[in-house]
Amino acid sequence: QVQLVESGGGLVQAGGSLRLSCAASGRTFSSYTMGWFRQAPGKEREFVAAISWTGGSTNYAHSVKGRFTISRDNAKNTVFLQMGSLKPEDTAVYFCALPKRSYGINWSAPDEYAYWGQGTQVTVSS
């Protein structure tokens, strides 16, 4: 059974940084793209970033490009999201996700992902 456990969220002032982690178990993690999504109160879940199974390719939402960096450590079955220059509008619950299959997915589409963590709250104060 696949398990994804996020950590690293918290309260930070605007302009600050946080590093989120997502530990995976129960599947061959290293064969899959991994994604980060977020959901703010009253809003739909939105794509943040994704990384290929090798770590050689990444994709970012326009709103976070240049401020966030996704990375992974396949030896530790962990994916990271380094967040910098945080803004109040980044406030949300952040989720990591593992897709339904290991190839041919639309990285930014939530429906392509079958497994989700419980989420970690990120709050950015102004």
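One is the number of the first residue; the rest follow in order along the sequence.
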Inset, instruction - Enter the distance from Met34:CE to Leu4:CG here, rounded to the nearest 0.5 Å. - result: 5.0 Å
Inset, instruction - Return the minimal non-hydrogen interatomic distance between Ser17 and Gly84, and the atom names on each side. - result: OG-CA, 3.7 Å
Inset, instruction - Mind checking side-chain contact (heavy atoms from CB on, under 4.5 Å) for Ser57 and listing every partner two or more places apart, or none if nothing turns up? - result: Ser52, Trp107
Inset, instruction - Measure the shortest side-chain to side-chain distance between Thr33 and Ile51 over non-hydrogen atoms and say whether it is less than 4.5 angstrom. - result: no
Legend entry - Gap between atom OG of Ser30 and atom NZ of Lys76 - 0.5 Å precision: 15.5 Å
Inset, instruction - Examine Ile70 and Ile105 and state if one hydrophobic cluster contains both, with Ile, Leu, Val, Met, Phe, Trp and Tyr joined whenever side-chain heavy atoms are less than 4.5 Å apart. - result: no
Inset, instruction - Indicate the atoms forming the closest heavy-atom contact of Ala14 with Ser126, along with that distance. - result: CB-CA, 4.4 Å
Inset, instruction - Determine, stepwise, if the pair Phe29 / Thr78 fulfils side-chain contact (heavy atoms from CB on, under 4.5 Å). - result: CA-CA 8 Å; Phe29 169 83; Thr78 303; 5.7 Å; no
Legend entry - Phe95 and Glu6: CA distance, side-chain angles, deciding distance, side-chain contact (heavy atoms from CB on, under 4.5 Å) verdict: CA-CA 7 Å; Phe95 301 88; Glu6 301 96 337; 3.9 Å; yes
Inset, instruction - Could you pull out the closest heavy-atom pair between Ser31 and Ser102, with the gap in Å? - result: O-CB, 3.4 Å
Legend entry - 4.5 Å side-chain heavy-atom contact, Arg101 and Glu112: yes
Legend entry - Members besides Phe80 in its Ile/Leu/Val/Met/Phe/Trp/Tyr cluster (side-chain heavy atoms under 4.5 Å): none
Inset, instruction - Tell me whether Tyr113 is reachable from Leu81 by hopping between hydrophobic residues (I, L, V, M, F, W, Y) whose side-chain heavy atoms are closer than 4.5 Å. - result: no
Legend entry - Common cluster, Val12/Leu20, ILVMFWY with side-chain heavy-atom separation under 4.5 Å: yes
Inset, instruction - Check for a donor-acceptor pair, side chain of Thr91 on one end and backbone N or O of Val124 on the other, with a separation under 3.5 Å. - result: yes
Legend entry - Check: Thr123 side chain, Leu11 main-chain N or O, donor-acceptor pair, under 3.5 Å: no
Inset, instruction - Classify the ring geometry between Phe37 and Phe47 as parallel (under 30°), tilted (30 to 60°) or perpendicular (over 60°). - result: perpendicular
Inset, instruction - Begin with the C-alpha distance, continue with both residues' side-chain angles, and end with the deciding distance and a verdict on side chain to side chain donor-acceptor pair (under 3.5 Å) for Ser71 and Asp73. - result: CA-CA 7 Å; Ser71 61; Asp73 184 341; over 6 Å; no
Inset, instruction - Rounded to the nearest 0.5 Å, what's the gap from CZ on Arg72 to OG on Ser21? Could you check? - result: 13.5 Å
Inset, instruction - Could you tell me whether the side chain of Arg67 and the main chain of Ser85 form a donor-acceptor pair under 3.5 Å? - result: yes
Inset, instruction - Could you check if a side-chain atom of Val93 sits within less than 4.5 angstrom of a side-chain atom of Thr120, using non-hydrogen atoms only? - result: no
Legend entry - Heavy-atom donor-acceptor pair, Ser63 side chain to Ala61 backbone, under 3.5 Å: no
Legend entry - Polar side-chain atom of Asn74 near backbone of Trp53 as donor-acceptor pair, under 3.5 Å: yes
Legend entry - Pairwise distance CD(Gln39) to CD(Gln121) - rounded to 0.5 angstrom: 11.0 Å
Inset, instruction - May I ask whether Tyr115 and Val48 are part of the same hydrophobic cluster, defined by side-chain heavy atoms of I, L, V, M, F, W, Y residues being less than 4.5 angstrom apart, directly or through others? - result: yes
Legend entry - Verify same cluster id: Val79, Val122 (apolar side-chain graph, 4.5 Å): yes
Inset, instruction - Check the pair Met83 / Arg19 against side-chain contact (heavy atoms from CB on, under 4.5 Å), numbers first and verdict last. - result: CA-CA 6 Å; Met83 306 186 295; Arg19 189 192 197 204; over 6 Å; no
Inset, instruction - Among residues two or more places apart or on two chains, list those pairs meeting disulfide (SG to SG under 2.5 Å) that have a residue in residues 3-122. - result: Cys22-Cys96
Inset, instruction - Go through the steps to decide whether Asp111 and Lys100 satisfy the test salt bridge (charged side-chain N to carboxylate O under 4.0 Å, His left out), and finish with yes or no. - result: CA-CA 9 Å; Asp111 289 349; Lys100 299 174 182 177; over 6 Å; no
